[in-house]
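None of these values were measured; they are calculated from a predicted model. When reading the values below, keep in mind they use all heavy atoms of this one structure, side chains included, and skip hydrogens, waters and symmetry mates.
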Amino acid sequence: MTHSPRVLIIVQNLPVPFDRRVWLECQTLRDAGYDVTVVCPRGKDTGRFQVVDGVTIHGYRPYAPGGSALGYVLEYAYSFLATARLALKARRSGRFDVIQACNPPDIFWPLARWFRMRDGSRFVFDHHDLCPELFESRFPGGSPLALKGLKLLERATFRTADRVTSTNESYRGIALKRGDKAPHEVSVVRTGPDPEVMKPGAPVPSERRGRDHLVAYLGVMGPQDGVDVALAAADHIVHTLGRTDISFTLMGGGDSHADLVAERDRLGLQDFVELPGRVPDAYVADVLSTAHVGLSPDPLNPLNNVSTMNKTMEYMAFGLPVVAFDLVETRVSAGDAAVYADPASGAKGFAEALVGLLDDPASLTLMGKLGRERVESQLAWEHQAPAYLAVFDELTGSSRPSDLRRKDAR
């Protein structure tokens, strides 16, 4: 009797199924007949061991000693050891045909090499972030030695990988150039939202908190994410332009959340800006179904310019127009569904772009419609999944007609 090919997916920076991209990947592989196991940190809905919708999840207790460079070293060392222990435990049920590691960080290639030597497992690198550029954005003027080390880890991960799945063409170019991969070894698999899950529902007027407009942010709140710019823009709108008809709800957690709450209070914006932290999906849906605009305030830097922002496409799935700085991959994702501020204009330019859009109801409606249509016709996961599934079918020798692969990917 033939067995289902086994896949181990390793994630360090988010629990599963909270990590939306990884969960979509898991579902795609499961629906195509793969036996999928995940090793990840525990989270609110992720325990020590569970099976969710046919996907086996092993979770380890997260350890995050702080946002310093040394803190990350300790966190990653701990995560590597915890992951290795659970991966070996999961292997007791049988060898893995494919190991997938998602970054950041770029530290799991030794584990992939061990599985290759022991079992002949193939290795897929799911390339989510540029770790050297991430370090530079978080620690400007940081240690050159640390940066060199990150570049070496990235190169080792690329060299170990049999295949790379990149989130956009810019990342694919880096895999080809910095990673020295052959073109056929790198596939673009965008993190497209599921339009059947992420779609506008009935507005909840109370979320506007008695004002005409609601503006939303959804995502991580780290030093490189620009939420401080969104706060500064809100300050300009309220205290300089004198606009009191706009409420802001900025959802998400991260290293900078506490500092952002303190900055909001210092600016006297408590009545205008809510920072609820990480929130349930139902709360996200209520806010995005009520909001008029989604914010992507990521500033221009070497990381953000070539990174695809998941929040941008999620706003579009909810039919929201976007205000963003004019970054290469943000423009690729949003197209005509966004208003783009000059990155050099800072918070003031971002604020003016936002106010100009809110004061133009026709553009709000049209851009929201264009964004939703773009998700449905091009960006949705159903359009990305066939390329992702093809990587695993090739590595495991699975053969299925292309039309069946498209059906399995849905």
Side-chain angles (χ1 to χ4, degrees), residues 14 18 20 43-45 198-299 309-325 339 341 347-348 350-355 357-359 364 368:
L14 285 174
F18 182 79
R20 286 192 173 95
K44 181 180 179 183
D45 298 313
M198 294 195 151
K199 57 184 178 181
V204 182
S206 61
E207 294 295 346
R208 292 199 293 269
R209 306 192 292 280
R211 298 189 175 91
D212 295 336
H213 304 292
L214 175 64
V215 172
Y217 173 90
L218 172 65
V220 178
M221 295 186 177
Q224 76 279 5
D225 296 302
V227 187
D228 57 328
V229 177
L231 273 182
D235 179 55
H236 181 76
I237 289 169
V238 173
H239 294 134
T240 301
L241 300 182
R243 295 288 294 261
T244 59
D245 57 336
I246 305 168
S247 291
F248 298 79
T249 299
L250 312 181
M251 300 171 287
D255 295 343
S256 298
H257 183 264
D259 291 338
L260 291 165
V261 171
E263 177 66 4
R264 176 202 63 183
D265 295 349
R266 186 190 71 80
L267 293 171
L269 292 170
Q270 297 96 319
D271 190 42
F272 293 90
V273 179
E274 285 196 350
L275 285 155
R278 283 187 178 177
V279 293
D281 288 348
Y283 183 90
V284 171
D286 283 348
V287 170
L288 296 187
S289 296
T290 309
H292 295 87
V293 175
L295 301 181
S296 291
D298 312 85
M309 307 304 174
N310 294 344
K311 57 181 171 283
T312 301
M313 293 184 287
E314 290 171 356
Y315 300 147
M316 293 160 62
F318 275 89
L320 291 181
V322 180
V323 174
F325 286 116
V339 169
K348 181 180 178 182
F350 194 85
E352 291 172 352
L354 172 58
V355 169
L357 179 57
L358 288 172
D359 290 343
L364 282 172

Using ring-ring contact (aromatic ring centres under 6.0 Å, His included) as the criterion, list what pairs up with F325, not counting sequence neighbours.
F350
Please enumerate all residues that pass ring-ring contact (aromatic ring centres under 6.0 Å, His included) together with H292, with sequence neighbours excluded.
H213
Run the side-chain hydrogen bond (donor to acceptor under 3.5 Å, both in side chains) test against D212 and tell me which residues pass, sequence neighbours left out.
none
For D235, which residues count as a side-chain hydrogen bond (donor to acceptor under 3.5 Å, both in side chains) partner, sequence neighbours excluded?
H239
State, with a plain yes or no, whether a side-chain heavy atom of F248 is found less than 4.5 Å away from one of R211.
no
Could you go step by step and tell me if E207 and Y283 meet the side-chain contact (heavy atoms from CB on, under 4.5 Å) rule?
CA-CA 10 Å; E207 294 295 346; Y283 183 90; 4.0 Å; yes
Determine whether a donor-acceptor pair (N or O, by modelled atom type, separation under 3.5 Å) exists between the side chain of [X] and the backbone of [Y].
X: Y315; Y: V293; result: no
X: T249; Y: E274; result: no
X: S296; Y: A324; result: no

So how far is it from [X] [atom1] to [Y] [atom2], rounded to the nearest 0.5 Å?
X: I246; Y: L358; atom1: CD1; atom2: CG; answer: 5.0 Å
X: D259; Y: L231; atom1: CG; atom2: CG; answer: 11.0 Å
X: H257; Y: M251; atom1: NE2; atom2: CE; answer: 11.5 Å
X: L288; Y: K199; atom1: CG; atom2: NZ; answer: 15.0 Å
X: L260; Y: M221; atom1: CG; atom2: CE; answer: 6.5 Å
X: L357; Y: L364; atom1: CG; atom2: CG; answer: 4.5 Å

Can R243 be said to sit on top of F272's aromatic six-ring, NZ or CZ under 6.0 Å from centre and within 45° of the ring axis?
no
Minimum heavy-atom distance [X]-[Y], with the two atoms named:
X: L214; Y: R208; value: CB-CG, 3.8 Å
X: L218; Y: E314; value: CD2-OE1, 3.4 Å
X: A202; Y: S289; value: O-CB, 4.0 Å
X: A341; Y: A353; value: CB-CB, 4.3 Å

Between R266 and E263, is there a salt bridge with N-O shorter than 4.0 Å?
yes
Qualifying salt bridge (Lys or Arg N to Asp or Glu O under 4.0 Å) pairs with a residue from residues 216-227, counting only residues at least two apart or across chains
none
Decide yes or no on side-chain contact (heavy atoms from CB on, under 4.5 Å) for D298 and K311, but give the supporting numbers first.
CA-CA 11 Å; D298 312 85; K311 57 181 171 283; 3.0 Å; yes
Evaluate side-chain contact (heavy atoms from CB on, under 4.5 Å) for M313 paired with M198, printing each intermediate quantity in order.
CA-CA 10 Å; M313 293 184 287; M198 294 195 151; over 6 Å; no
R20/D281 under side-chain contact (heavy atoms from CB on, under 4.5 Å): CA gap, chis, key distance, verdict:
CA-CA 11 Å; R20 286 192 173 95; D281 288 348; 3.2 Å; yes
Sorted by chain and number, sequence neighbours left out, side chain to side chain contact (heavy atoms under 4.5 Å, CB included) with A232 holds for A347
